[in-house]
Amino acid sequence: MSKPSIPKGTRDFGPKEMVRRNWIFQTIRSVFERFGFEPIETPAMENLATLTGKYGEEGDQLIFKILNNGDFLNKADKDAIAEGDSKKLSFSISKKALRYDLTVPFARFVVMNQHALPRPFKRYQIQPVWRGDRPGKGRYQEFFQCDVDIVGSNSLLNEVELVQIFDEVLSDLQIPNFNVVLNNRKVLAGIAEVANASEKLTDITVAIDKLDKIGEEKVKQELVNRGITEDQITALQPLFGMDGGNQAVLNQLASHLTDSEIGTKGVEELRYVIEYVERIGLRSANVKIDPTLARGLTYYTGAIFEVKVDDSPVGSICGGGRYDDLTGIFGLKGMSGVGISFGADRIYDVLEHFNLFPKEAGISTELLFANFGEAEEHWCMEILKDLRSQGLRAEVYPESSKLNKQMKYANDKGIPFVALIGSEELANKQITLKNMQSGEQTKLSAHDLFNAVRG
RNA sequence: GUGGCUAUAGCUCAGUUGGUUAGAGCGCCGGAUUGUGGUUCCGGAGGCCGUGGGUUCAAAUCCCAUUAGCCACCCCA
């Protein structure tokens, strides 16, 4: 028999991890709800046709396809088999696939339920997504996204509120030194237009996105490789030197893009959002405009967001942006939306790396009753019923094993208090309460137990 | 998809130019302690040396194949 294992890029979560993960999800959920978002869920699998063509050619390759049930071979594309064309074949043997993100299923959901939803519609969704990517540091094949989106509103106030949500969530989670990076797809379009290379927009954005990683020279080399001419690269030059704070960058961008209508619009949008956010003030977020931020997804049309943590072991922990016509491909035109996504797994990795999980995020049971025998146990159960009704997380050791073993159980499980009720305690109706951290023991009545543990 | 590295106890790893019974730390179990965990001391269990083949009197060690994992590139959350 072979050793059991799980697929690469997937993980089991033990009790300790789950308590911490739930704390992250709960924090995120609570902020989303405070901003008026409502929850939805969609199926893990979608029709393959719903997902294909939405994430670019590269993205399509990473979608996990589900093999048809039944006699799929009989219905398979014989030509594709003969030609050895696996990509073509896959569409004849697979009709369903695992969702790749939460935004496209959301777009489908909005189109299907358009008459039943309030406008604008503000939803949040916390579910796993799957990508057939090569796993690595901070990179999984199954991971959770926590999305908030607003559809049916063009107002830039939404962008402002999303920046506030970044700030609220990440501050509540005590993420240190995080930067909310801001750009606008219209600025990128303007840049390409001014360089007289509008049809090369994607190539340009993919290349300059790497600026902070590989440096100016290599970016230029990549631009050349992607077929950008010398003249066009010269026209892109001002991009490489932009710095000196958000206002300065905005001013430089504005003058660089005066001849581009769309670019100017993008700069105005950026300016509106950044000035609004600065007027209201943030708790701990550092907001930065970066005209080289591109992000891979093809459907963004306006604002683009990304959150990075200084000295982080993983890449970006959040992303998002505005899309003018996401629902268009499903038949509902002119519905603009804007949204952001929190990568819960990467947030976990960051908190773990900096050792920042609060202590209470590791505690499940608050109080354990040691078990000394039948008569003592009966009293424990009575007290437990009362304590649990008050909301205390408490349990009794299920058998009267050696105390040694019971104490070890409490210690292993990180239970902060143990109540000892032996024959003497039972006779006097006094409970011995042990504080597992200090080792200190006190005697008290059942009535005082709750406050002693919670105090 | 390309290149490099690794695979030995539950985990992290030692293991000499090939040589007798493959070790350590941590963890686990038991005892010191049948009313006290964590700390300390003592003891114990746990291994087809990733898998298949080859060289050799002899292989964890050398060679070939295979599988899995790690790092870099590419791409991305």
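Letters A, B, ... mirror the listed sequences (proteins, then strands); counts begin at 1. As the structure is a computational prediction, the values presented were derived from the model and not from experiment.
- Residues forming a side-chain contact (heavy atoms from CB on, under 4.5 Å) with A:Ser171 (at least two apart in sequence, or on another chain): A:Asp167, A:Phe178, A:Arg283, A:Ser284.
- Taking atom C1' in both B:A59 and B:G3, the straight-line distance is 30 Å, to the nearest Å.
- Applying the ring-ring contact (aromatic ring centres under 6.0 Å, His included) rule to pairs touching residues 434-455 of chain A yields nothing, sequence neighbours excluded.
- Residues passing the side-chain contact (heavy atoms from CB on, under 4.5 Å) test with A:Ser341, sequence neighbours excluded: A:Gln145, A:Asp147.
- As judged by a 4.0 angstrom heavy-atom cut-off over every strand, A:Glu425 is placed among the base-contacting residues.
- Of the listed nucleotides (B:U34, B:G35, B:A77), B:A77 has the atom at the smallest distance from the side chain of A:Ser316.
- Between the side chain of A:Arg99 and the main chain of A:Thr42, a donor-acceptor pair closer than 3.5 Å is present.
- Between the side chain of A:Gln406 and the base of B:U36 there is no donor-acceptor pair of N/O atoms closer than 3.5 Å.
- Not a single ring-ring contact (aromatic ring centres under 6.0 Å, His included) links A:Phe372 to another residue, sequence neighbours left out.
- Of the two residues near RNA chain B, A:Leu420 and A:Arg131, the one whose nearest nucleotide lies more 5' is A:Leu420.
- In this structure, A:Arg123 forms no cation-pi arrangement with A:Phe109, as its terminal cationic atom is not both closer than 6.0 Å to the ring centre and no more than 45° off the ring axis.
- The side chain of A:Phe372 has B:G35 as its nearest neighbour among B:C76, B:G35, B:G31.
- Across every strand in view, B:A77 sits unpaired, with no contact that passes the Watson-Crick or G-U test at under 3.5 angstrom.
- Look at B:C11: its Watson-Crick or wobble partner, with both distances under 3.5 angstrom, is B:G25.
- The pair A:Glu46-A:Lys54 does not meet the salt-bridge criterion, since no charged nitrogen lies less than 4.0 angstrom from a carboxylate oxygen.
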Problem set entry | Contact letters for nucleotides 38-45 of chain B, in which S counts primed atoms plus P, OP1 and OP2 and B counts the base, heavy atoms under 4.0 Å | S-------
Please write out the pairs of protein N or O atoms and N or O atoms of nucleotides 71-75 of chain B separated by less than 3.5 Å, giving the distance to one decimal.
unit_1 : atom_1 : unit_2   : atom_2 : d
B:C75  : OP1    : A:Lys210 : NZ     : 2.4
B:C75  : OP2    : A:Lys210 : NZ     : 2.9
B:C75  : O2     : A:Arg139 : NH2    : 2.2
B:C75  : N3     : A:Arg139 : NH1    : 3.1
B:C75  : N3     : A:Arg139 : NH2    : 3.0

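- B:C5 is paired with B:G69 under the criterion used here, namely a Watson-Crick or G-U wobble arrangement in which both key atom distances are under 3.5 Å.
- The pair A:Glu17-A:Arg11 fails the salt-bridge criterion, with no side-chain N (NZ, NE, NH1 or NH2) lying under 4.0 Å from an Asp/Glu carboxylate O.
- Judged by ring centres under 5.5 Å apart and planes tilted less than 30 degrees, A:Phe143 stacks against the six-membered base ring of B:A77.
- At a cut-off of 3.5 Å, with distance as the only test, no side-chain donor of A:Thr27 or A:Asp172 sits close to an acceptor on the other residue.
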